[in-house]
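Read through the structure below, which is laid out as structure tokens, and then see the notes.
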2 protein chains.
Amino acid sequence: MRHLTTFRYIDAVVKAGSIRGAAESLAITSTALNRRILAIEDELGVPIFERLPHGVRLSSAGELLIHHIRNQMSDMERVRSQIADLSGVRRGHVSIACSQALLPYFLPMEISLYRKEHPNVTFGVHVRDREAAERALVDHTADIAIVFEPVRLADFMTLMRVFQPVHAVMGHGHPLASKEVLRLSDCLSYPVALPTAPYGVRHLIDMAMLTAAARVEPVIESDSFEFLRNHAVAENILTFQIPIGLSEQTSTGDLVARPLDRRDVPAGVLYMGQLKGRTLPVAAARFAAQLSASMAAKFEVS
Amino acid sequence: MRHLTTFRYIDAVVKAGSIRGAAESLAITSTALNRRILAIEDELGVPIFERLPHGVRLSSAGELLIHHIRNQMSDMERVRSQIADLSGVRRGHVSIACSQALLPYFLPMEISLYRKEHPNVTFGVHVRDREAAERALVDHTADIAIVFEPVRLADFMTLMRVFQPVHAVMGHGHPLASKEVLRLSDCLSYPVALPTAPYGVRHLIDMAMLTAAARVEPVIESDSFEFLRNHAVAENILTFQIPIGLSEQTSTGDLVARPLDRRDVPAGVLYMGQLKGRTLPVAAARFAAQLSASMAAKFEVS
DNA sequence: CAGGCCGCTGCAAAAAATGCAGCAGCAGGA
DNA sequence: TCCTGCTGCTGCATTTTTTGCAGCGGCCTG
């Protein structure tokens, strides 16, 4: 949209931290960009950026403005998609910030299902930890966030919440593979691989260890769930995962997943939500509705 | 703001109902205006206006867009005023849609009080009946609406609500002037002047008459409260008014105001509010806060 | 102290918006 | 029935705005 050019430019400058840098990413001259900024500062009567030796930084007036700009841009996007909607075709773009656990099965399935109905809708999937996901909502980088055990929920509006009991994941031939439900104490006798990040699954396990006054030294630590899963098969050791990260046919494949007894490790909660106070574009809203339904069907609603 | 020019133009076309008409009011050629509209329709891929033999009308896509446009314009205004705010001077404009009863004393007092603190804030006061007031909020013609006994409240967010018991107003020498509280039956023996409009005070009186199975034939009908008040003195007849339309020193002047017994005529409710979901500009928000305080101090909160 | 990065400005070229004149289409009145 | 008056729209010349190029001075870093 032409009339938003200046706004897009400003947004780029904020992101780049310098006019020249932004100009390059926008494929225009720094002159043009600089002039637009001077022009809008002239209109507002106040500088939007503080000039630093190595670039620019938002002034407090700029903070106010960039907030408006981002609202404006995503709102325009929503209107465009509503307009496209009533002319028949459902178009649009849905941007999702989510934890790793959504990547292997859940999101691919849901997205392909949605795109079967609406092939003109495009998707962006960004792996973010819990705080970054919320930040992505705030700066409109993402429409929807799906996070496990979020910390602060200031700007987050929950759309759906399901329990995710921690599962132990292991290779087919592991001694524990035969039991239906595992106690935490069962696991302690075997080598385990754990995610590094001090939140999510790792956090729940750590807390459980604390209350059980037990200790576990992970043989392997990784920030990639995919690696942990693969390694569990390769070396035949234990790792932990939440069910949304596991295929429904897991038990028939190479992997076996067994829930931990909820007396030992309480079930985590997976949150799906959007930015508080924002009206989502049609496509994003519909997809969120689909996710809600699907999560509610597959898991226990919290 | 330059980047909103197209939006301002579109808004003008919507208001004027024709491109040429809007062009004239905008002091540009119809050519330029026409081209801008074609351009944005091209960008959206959908016509914004239906072309009629005698002008244009919004298409359904246009309805969506104009809504967005008005939100954007007033939101930009708010940001501007916030920015102006942090540079020291409080500037801004507050637009009020209200019933006649606010005109004689209440609003002039409140506005002058506010302007004593913030001389750079300007005001617009528009007399609107209840429906028109709500419409003014929706199309952002007004920031604040103050209405008596509003009908539907779909887009109206109430900020303050006070009881306004109906008062009988009469000249100093009227026989009823000596009583402190009047029964409706007291009034029926004397000639009365009533407002025409079938809402507000008139509505309450009519309803009371209905339940009392009584009838009153007004000697004078007028849609101007000011006229009714003046005429009450001139001819020494009764009329009715709500307290916010009466000076606090009424009883010491030419006029005497006496409340009607609330068993006969229930007290009406005066609503002050804004458009639901909108963030008011700083100046309007502060003024609304002052109004709230003042109304709460003077009247019984509903 | 030189090199590199920064934001900013004068001037000319390119691009966009505007105005002028004139077109066709439709409605209502003589 | 034609005619007048209104509508939105288009080709072309003009004006205004935006952009790019080159170069300036300032600041930090190595």
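Chain letters run A, B, ... following the sequence lines, proteins first and then strands; every chain starts at 1. These figures come from a predicted structure and were not determined experimentally.
Contact check of residues 61-69 of chain B against DNA chain D (heavy atom, cut-off under 4.0 Å) returns no residues at all.
Checked against side chain to side chain contact (heavy atoms under 4.5 Å, CB included), A285(A) has the following partners two or more places apart in sequence or in another chain: L280(A). Not counting sequence neighbours, the partners of A16(B) by the side chain to side chain contact (heavy atoms under 4.5 Å, CB included) test are A22(B). For the ring-ring contact (aromatic ring centres under 6.0 Å, His included) test, no residue two or more places apart in sequence or in another chain qualifies with F225(B). Qualifying side-chain hydrogen bond (donor to acceptor under 3.5 Å, both in side chains) partners for D155(B), counting only residues two or more places apart in sequence or in other chains: none. Take F148(B) and apply the ring-ring contact (aromatic ring centres under 6.0 Å, His included) test, not counting sequence neighbours, and it matches no residue. Y271(B) is linked by a ring-ring contact (aromatic ring centres under 6.0 Å, His included) to nothing, counting only residues two or more places apart in sequence or in another chain. Residues forming a ring-ring contact (aromatic ring centres under 6.0 Å, His included) with H140(A) (at least two apart in sequence, or on another chain): none.
Residue pairs that meet the side chain to side chain donor-acceptor pair (under 3.5 Å) test with at least one member in residues 49-69 of chain B, sequence neighbours left out, are D75(A)-H68(B), E41(B)-R51(B), E50(B)-R57(B). Within the structure, side chain to side chain donor-acceptor pair (under 3.5 Å) contacts touching residues 15-34 of chain A (residues at least two apart or in different chains) are D11(A)-K15(A).
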inquiry  = Counting primed atoms plus P, OP1 and OP2 as sugar-phosphate and everything else as base, spell out the protein contacts along nucleotides 6-16 of chain C at 4.0 Å heavy-atom distance: B, S or - for each nucleotide, 5' to 3'.
reply    = BBBBBB-----
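Here NE2 of H3(B) is found 11.0 Å from CZ of R36(A). Values are rounded to the nearest 0.5 Å.
Protein chain A contacts DNA chain D from dT18(D) to dC28(D), reading 5' to 3' and using non-hydrogen atoms of the protein with a distance under 4.0 Å.
In this entry the distance linking CG of L33(B) with C1' of dC20(C) reads 16 Å, nearest Å.
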